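The next block holds one structure in the form of structure tokens; read it before the comments.
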Amino acid sequence: MLWVKSFHIVFIASWFAGLFYLPRIFVNLAMVPPDSLAERERLLLMAGKLLRFTTLLAVPAVLFGAWLWLGYGIGWGPGNGWMHAKLTLVLLVIGYHHGCGVLLRKMRAGAPMRSHTWYRWFNELPVLLLLAIVILVVVKPF
């Protein structure tokens with residue numbers, strides 16, 4: 001079980017590193033002057049590659065987590081309400097990841113972008129989600 005837990009932690013940390021950085025690229029894209037097409041294309045290319053790589057990290061993170069939950073029974077039984085809350089937050093993280101992909105597709109299509117300030121706030125969501133998840137896993141408040 002400790003091997004599975006170790007791999008889960010490594011892939012979670014790597015996945016979140018991508019989720020922390022991808023919206024920073026969105027901030028930079030929102031600040032690109034309209035006449036700077038090469039800069040825009042370079043940032044879109046970087047964002048696309050990072051999204052693909054981050055997705056490749058998310059899959060084993062979720063699979064190792066499911067293995068711990070279903071295979072080893074972590075979070076089952078009475079007094080494990082924290083796991084239900086954690087799983088809800090994990091679904092929100094997956095939704096956030098998907099939302100990053102939707103935003104990137106819209107940017108590639110030339111749709112109007114939000115302000116760089118909006119993307120800066122959007123960038124804070126995975127930090128808050130990770131903080132809440134770690135607290136739930138370590139403290140197990142309920």
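These numbers come from a predicted model, not from an experiment.
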Of all heavy-atom pairs linking A132 and L89, the shortest is CB-CD1, 3.6 Å
Neighbour count >12 (heavy atoms, 6.0 Å) for atom NZ, K140
yes
If you measure from CZ on F53 to CG on L22, what distance do you get to the nearest 0.5 Å?
13.0 Å
Of all heavy-atom pairs linking P126 and L19, the shortest is CG-O, 3.7 Å
Honestly curious: do I74 and W76 fall in one hydrophobic cluster under the side-chain, below-4.5 Å linking rule?
yes
Going through the checks in order, is the side-chain contact (heavy atoms from CB on, under 4.5 Å) test met by F26 and R114?
CA-CA 9 Å; F26 295 166; R114 298 176 187 264; over 6 Å; no
Are side-chain heavy atoms of V127 and F16 found at a separation under 4.5 Å?
no
Should we say atom CH2 of W67 is surrounded by more than 12 heavy atoms from elsewhere, each under 6.0 Å from it?
no
Common cluster, I94/L57, ILVMFWY with side-chain heavy-atom separation under 4.5 Å
yes
Looking only at heavy atoms, the pair that brings V137 and K86 closest together is CG2-CD, 3.6 Å
M83 with M1, same ILVMFWY side-chain cluster at under 4.5 Å:
yes
Heavy-atom pair with the smallest gap, counting every atom of C100 and F122
SG-CE2, 3.8 Å
Going through the checks in order, is the side-chain contact (heavy atoms from CB on, under 4.5 Å) test met by I12 and I133?
CA-CA 11 Å; I12 289 293; I133 289 169; over 6 Å; no
Where W69 and L87 come nearest, the two heavy atoms and their spacing:
CZ2-CD1, 3.5 Å
What's the separation between atom CG in L70 and atom CG in L63, rounded to the nearest 0.5 Å?
11.0 Å
Atom pair CZ/CG of R40 and D35 - distance to nearest 0.5 Å:
13.0 Å
Pair E41-L45, side-chain contact (heavy atoms from CB on, under 4.5 Å): steps then yes or no
CA-CA 6 Å; E41 288 305 313; L45 179 66; over 6 Å; no
Could you give the distance from CG (L68) to CD1 (I9), rounded to the nearest 0.5 Å?
8.5 Å
Decide yes or no for Y119 and L29: does some side-chain heavy atom of the first lie under 4.5 Å from some side-chain heavy atom of the second?
no
Which atom of F20 lies closest to which atom of L130, heavy atoms considered
CZ-CD2, 3.8 Å
Working for side-chain hydrogen bond (donor to acceptor under 3.5 Å, both in side chains), residues W121 and N123:
CA-CA 5 Å; W121 283 105; N123 190 38; over 6 Å; no
State the CE-CZ distance between M31 and R120, to the nearest 0.5 angstrom.
5.5 Å
Evaluate V32 against L43 for side-chain contact (heavy atoms from CB on, under 4.5 Å), listing each step before the verdict.
CA-CA 9 Å; V32 170; L43 289 169; 3.6 Å; yes
May I ask you to test the W15-H97 pair for a side-chain heavy-atom distance under 4.5 Å?
yes
Report yes or no: does H8 contribute a side-chain atom to a donor-acceptor pair with the main-chain N or O of F64 at less than 3.5 Å?
no
Within the supplied structure, the quantity of interest is the number of heavy atoms (other residues, nucleotides, ligands) at a distance under 6.0 Å from Y21 OH; does it exceed 12?
no
For Y96, look at atom OH and say whether over 12 heavy atoms of other residues, nucleotides or ligands are found less than 6.0 Å away.
yes
When the ring planes of F7 and F11 are compared, do they come out parallel, tilted or perpendicular, using 30° and 60° as the limits?
tilted
Here the gap from N28 atom CG to L44 atom CG, rounded to the nearest 0.5 Å, amounts to 11.5 Å
May I ask whether L128 and V90 are part of the same hydrophobic cluster, defined by side-chain heavy atoms of I, L, V, M, F, W, Y residues being less than 4.5 angstrom apart, directly or through others?
no
Look at the side-chain heavy atoms of Ile, Leu, Val, Met, Phe, Trp and Tyr, link any pair under 4.5 Å apart, and say whether L37 and L104 land in one connected group.
no
